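Data first, discussion second: the structure below is written as structure tokens.
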Amino acid sequence: MSVVLHKNDLPDDLDLGKIVAIDTETMGLKCHRDRLCLVQLSSGDGTAHLVQMTDSSYKAPNLKNLISNSKVKKIFHFARFDVAVLTYALGVQCPNIYCTKIASRLVRTYTDKHGLRALCNELLGVDLNKQQQSSDWGAAELSSEQMNYAANDVYYLHKIKARLDTMLEREGRREIAQSCFDFIETRAALDVLGDYSDIFEH
Ligand code: MN
């Protein structure tokens with residue numbers, strides 16, 4: 001496993017392939033209030049690329065091209081949050097989403113534990129350290145602990161997706177999963193728009 005730090009954008013010549021794991025770290029949970037500090041990306045090859053956002057103009061053309069490219073599948077864990085943050089901060093669409101949390105909820109109905117740590121543990125036998133979850137991601141210099149924590153959130157998503165896809169297929173829930181993934185951009189847009197807790201509720 002290795003971590004590469006980039007400032008404000010991905011390098012021009014970096015090709016992360018057609019399925020990219022993505023996670024974000026922010027100053028907090030409200031996209032209007034709390035700025036995007038870090039975007040972690042991995043092609044699933046054991047390398048995490050960390051894009052540290054020190055410039056709040058969020059120019060980042062290479063990152064924006066990747067996020068908005070409908071031919072690139074983006075794997076998130078709890079995509080609803082990351083997609084709201086990314087679309088709001090970068091001002092781009094984020095088509096072609098896969099969410100490991102949604103997939104887990106659809107097939108792992110024998111448990112209520114759908115956190116990334118639980119998935120890594122049960123599906124991959126990996127013990128994930130979540131100690132740096134609440135830390136100052138806006139710091140000018142990220143600590144090695146922060147960078148390793150951030151990288152951990154994207155290292156395993158391809159493997160988790162593969163395991164969940166097998167289960168979705170086995171249980172006949174691949175299509176409904178895809179429909180849920182297709183709705184995530186809209187769900188995130190509602191979050192950005194305002195206080196729609198559940199658009200389908202009575
Ligand atoms: Mn994270």
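Values reported hereafter were calculated over all heavy atoms of this structure, with side chains retained and with hydrogens, waters and symmetry mates removed. Whatever order the structure lists them in is the order used to number ligands and atoms, beginning at 1. Predicted model only: the values in this text are computed from it and were never measured.
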Lys101 to Phe78 six-membered ring, cation-pi geometry met (6.0 Å, 45°): yes

Minimal non-hydrogen separation, Asp136 against Gln146, with atom names: O-NE2, 3.1 Å

Sidechain N-carboxylate O distance under 4.0 Å for Lys113, Glu122: no

Modelled atom types, side-chain donor and acceptor of Ser70 and Asn96, under 3.5 Å: no

Common cluster, Leu193/Ile184, ILVMFWY with side-chain heavy-atom separation under 4.5 Å: no

Worked verdict on Asp34 versus Lys30 for salt bridge (Lys or Arg N to Asp or Glu O under 4.0 Å): CA-CA 6 Å; Asp34 302 319; Lys30 295 184 190 299; over 6 Å; no

The Mn ion (ligand 1): protein N, O or S atoms that are less than 2.8 Å away, sorted by chain: Asp23 OD2, Glu25 OE2, Asp153 OD2

